[in-house]
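Let me begin by presenting the structure, written as structure tokens, before commenting on it.
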Amino acid sequence: MRRRITLGSGDPKRLFVGGLHGNEWRRTSAILERLSAPRRGTLAIIPKLTDRPYISTLDDRYYDAYGRILIAAINEIMPAIYLELHSYHDFDSLTDPRRIERRGVPAYIELEDGILIGSISPILRRRCFSMHNLCISIETPEKGGHRSQRVLKRLLDFTKDCESRDEFIDFILDRYPEQGRVAIENYKRFYGIE
Ligand SMILES: [Zn+2]
């Protein structure tokens with residue numbers, strides 16, 4: 001049984017998920033488990049979806065395998081704000097500007113100290129979300145130190161209190177003007193948002 005933590009109640013609803021495949025939970029679960037309740041609304045957390053062998057979330061097979069549990073949780077909670085926390089070792093491939101041609105998703109953008117922001121899988125986005133939802137994917141380095149952990153914690157703390165997509169966009173643009181602009185442009189273009 002996958003453990004789900006529910007903090008707070010009511011709207012807006014948020015869902016944060018870690019341990020989406022393979023060993024990533026080692027770097028993602030503990031920080032999610034330590035989050036506190038949001039100021040308003042609900043924060044649901046699945047700290048470790050699975051520890052079974054890695055399948056990319058960009059692969060259809062993911063959603064036939066353990067991704068089914070993820071889809072069931074999203075359909076049940078219907079979060080306005082959805083965040084996936086991943087862990088990486090290959091910085092260059094995630095941030096490669098040609099990623100959009102190679103993998104069909106925009107490149108991740110580094111915000112600070114190895115913390116990357118990018119798009120969730122278009123398969124999941126199409127199945128479960130509308131353009132009004134905020135759907136983000138965060139990547140934390142497999143061998144990150146205290147600094148990247150601190151940046152990640154700040155980002156998660158802000159997002160768990162966030163009440164709308166626009167509030168999140170304003171925060172990113174304010175905090176990371178340059179990288180934020182590129183990340184938001186990628187996001188909007190990818191999801192067809194004006
Ligand atoms: Zn991952």
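For ligands, and for the atoms within them, numbers begin at 1 and follow the listed sequence.
- Taking backbone and side chain together, Glu84 holds no N, O or S atom under 2.8 Å from the Zn ion (ligand 1).
- In Glu24, the N, O or S atom that comes nearest to the Zn ion (ligand 1) is OE2.
- Judged by distance alone, the side chain of Ser148 and the main-chain N or O of Ile115 form no donor-acceptor pair under 3.5 Å.
- For Lys13 against Ile77, the heavy-atom pair with the smallest separation is CD-O, 3.4 Å.
- Rounding to the nearest 0.5 Å places NZ of Lys48 at 8.0 Å from OG1 of Thr50.
- Two residues are said to be in side-chain contact when any heavy atoms from C-beta on lie closer than 4.5 Å; Ile109 and Leu116 fail this criterion.
- Sorting the N, O or S atoms of His86 by how far they are from the Zn ion (ligand 1) puts ND1 first.
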